[in-house]
Amino acid sequence: MRRGGGGFGAAPHSTSSSTDGRPYHGNPCLTMHQPWASLLVHGIKRVEGRSWPTPITGRLWIHAASKVPDPDTIKAMEDFYREIYAVDGITHINFPQHYPVSRLLGCVEVVGCLRSQELVCWEHVPQSVRLEGLTEFCWLCENPQKLVVPFEMRGYQGVYNLERRIHDGAVRGLTPVQGPLPVKFPLPDPRDRFSLRPGSLTFDASKSALQKSPTVTAAIAGARAAATQFSKKDQNATSSETRADSNSSNDNPSSIVQGTPAYLQNQNQPSTFRSSAAYSQNPDAEPRRNPRSLDYEASNRLVTVALRELKQLSVSERGGQPVGRS
């Protein structure tokens, strides 16, 4: 099984497809940092942001990387979602009680991908969803399911194929999740389930621009600051130890990404929704055990400043009453 840019070739009952419409047999999985991984699986996060378009539609398994999240990072992201959901009238959110690491958490259904400027102007989805469009490409996710007992496993860079033995156990432990405000993304062409792709929407940006309150603006700043903790320190560094801190530069506020996955590096391929022959290679092989390690540098000062600003704005707008943790 190949990892990194492809290798979707394990389970014949998978319903995932490449975004050019060609089906493949596999169980794609994405490693994300906490708290973004759990927020996605719990249905709170509905848009996964990347610097590259999604290579698949259909079920995507979510794995939490090994880095333990900083409490300020968790608070920044919970405050971000608390503020943007309030725009749609949602005042209470059941955030995860724990943010486990090095675990397979569950799955979501990727139904399409849009550029940020398309999503933020899309009037057919709730405003809170539009406020999640913080990165170049926005993967649109529905139908979250979580594992009753998260599986311990290692993760890899990019979108990789979940091992058959893990997948077969995981599908038996899934349970549906009801998020605070589930969304069904409308297809531009109901006859084409792959029609939600970059450039598929037409909009008038002058009429559709979102008006952001000071508290929402501060919450977005806090989310961006939290995401700066996950930047590549040395892209060429290698390690003999397998680590689950893969795909790190691609993680969030929806995910602020700085790297480019291997399957997008071949400039002879089409520039949008590229497919890779690696997706269909050797379905029963095991993934390599020595992926590149990625080092991270925390920017707690930025997070602290953003949180302080959000707290001050929240106290002011709420008549002196600070925002409580849901």
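This structure is a prediction, so every number in the text was calculated from the model and none was measured. Scope of the values below: all heavy atoms of this structure, side chains included, with no hydrogens, waters or symmetry mates.
From Ile166, atom CD1 reaches atom CG of Asn161 across 10.5 Å, with rounding to the nearest 0.5 Å. In this structure, Leu140 CG and Glu48 CD are separated by 11.0 Å, a value rounded to the nearest 0.5 Å. Put simply, CG on Asp189 and CZ on Arg197 are 9.5 Å apart, with the number rounded to the nearest 0.5 Å. Note that CG of Asp88 is 8.0 Å distant from CG of Leu131, once rounded to the nearest 0.5 Å. Interatomic distance, CE of Met32 versus CG of Leu30, reported as 6.0 Å (0.5 Å rounding).
Here the side chains of His124 and Phe185 are not in contact, with every heavy-atom distance at 4.5 Å or above. Using a 4.5 Å cut-off on side-chain heavy atoms (C-beta onward), Leu105 and Leu147 make no contact. Between Cys113 and Leu196 there is no side-chain heavy-atom pair separated by less than 4.5 Å. At least one side-chain heavy atom of Asn27 sits less than 4.5 Å from a side-chain heavy atom of Trp61. By the 4.5 Å heavy-atom criterion applied to side chains, Thr73 and Pro35 are counted as neighbours. With contacts defined as side-chain heavy-atom distances shorter than 4.5 Å, the pair Glu163/Met153 does not qualify. No side-chain heavy atom of Ser200 sits under 4.5 Å from any side-chain heavy atom of Ser195. For the pair Tyr85 and Ile44, the minimum side-chain heavy-atom distance is below 4.5 Å.
Side chain to side chain, Ser38 and Gln34 meet the donor-acceptor criterion of an N or O pair below 3.5 Å. Between the side chains of Thr215 and Glu83, at least one donor N or O sits under 3.5 Å from an acceptor N or O. Checking Ser128 against Arg46 by side-chain atom types alone, a donor-acceptor pair falls below 3.5 Å. A donor and an acceptor atom, one from each side chain of Tyr160 and Thr31, are located under 3.5 Å apart.
Between Ile93 and Arg82, the shortest heavy-atom contact is CD1-CA, 3.9 Å. Annotation for Val125 and Pro186: closest pair CG1-CD, 4.2 Å, computed over non-hydrogen atoms. In terms of heavy-atom proximity, Met77 sits nearest to Ala226 at SD-CB, 4.2 Å. Nearest heavy-atom pair across Leu119 and Val129 is CD2-O, 3.8 Å. Here the closest non-hydrogen pair linking Ser116 and Thr135 is CB-O, 2.8 Å. Annotation for Cys138 and Val47: closest pair CB-CG1, 3.5 Å, computed over non-hydrogen atoms.
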Assess the residue pair Leu174 and Cys107 against the criterion (side-chain contact (heavy atoms from CB on, under 4.5 Å)); give the C-alpha distance rounded to whole Å, side-chain angles, the decisive distance to 0.1 Å, and a yes or no.
CA-CA 8 Å; Leu174 288 173; Cys107 63; 3.9 Å; yes

Go through His63 and Arg103 one step at a time and tell me if the side-chain contact (heavy atoms from CB on, under 4.5 Å) criterion holds.
CA-CA 6 Å; His63 170 260; Arg103 296 290 191 277; 5.6 Å; no

Evaluate Gln117 against Leu201 for side-chain contact (heavy atoms from CB on, under 4.5 Å), listing each step before the verdict.
CA-CA 10 Å; Gln117 60 266 36; Leu201 299 185; over 6 Å; no

Go through the steps for Val159 and Cys29 under the test side-chain contact (heavy atoms from CB on, under 4.5 Å), then give the verdict.
CA-CA 6 Å; Val159 178; Cys29 184; over 6 Å; no

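Val101 and Ile74 are not part of a single hydrophobic cluster, where members link through side-chain heavy atoms under 4.5 Å apart. Hydrophobic cluster membership differs between Val120 and Phe137, with clusters built from Ile, Leu, Val, Met, Phe, Trp and Tyr side chains linked at under 4.5 angstrom. A continuous path of ILVMFWY side-chain contacts below 4.5 Å connects Trp36 to Leu181, so both sit in one hydrophobic cluster. Hydrophobic clustering of Ile, Leu, Val, Met, Phe, Trp and Tyr side chains at less than 4.5 Å, counting indirect connections, unites Leu210 with Phe80. Taking hydrophobic clusters as Ile, Leu, Val, Met, Phe, Trp and Tyr residues chained together by side-chain heavy-atom distances below 4.5 Å, Val177 does not share a cluster with Val111.
Ion pairing of Glu142 with Lys184 is present here, as a side-chain N (NZ or NE/NH1/NH2) and a carboxylate O approach within less than 4.0 Å. Salt-bridge formation is not detected for the pair Asp72/Lys75: no Lys NZ or Arg NE/NH1/NH2 atom is positioned less than 4.0 Å from an Asp or Glu carboxylate oxygen. Contact check on Lys45 versus Glu132 returns no salt bridge, with no Lys/Arg side-chain nitrogen under 4.0 Å from an Asp/Glu carboxylate oxygen.
For Asp192 (side chain) and Phe194 (main-chain N/O), a donor-acceptor pair under 3.5 Å exists by modelled atom type. Formation of a donor-acceptor pair under 3.5 Å by the Gln145 side chain with backbone atoms of Val41 is not found in this model. When atom types are taken as modelled, the side chain of Ser66 and the backbone of Ser102 share no donor-acceptor pair closer than 3.5 angstrom.
Trp122 does not carry Arg130 over the face of its six-membered ring by the limits of under 6.0 Å from the centre and within 45° of the normal.
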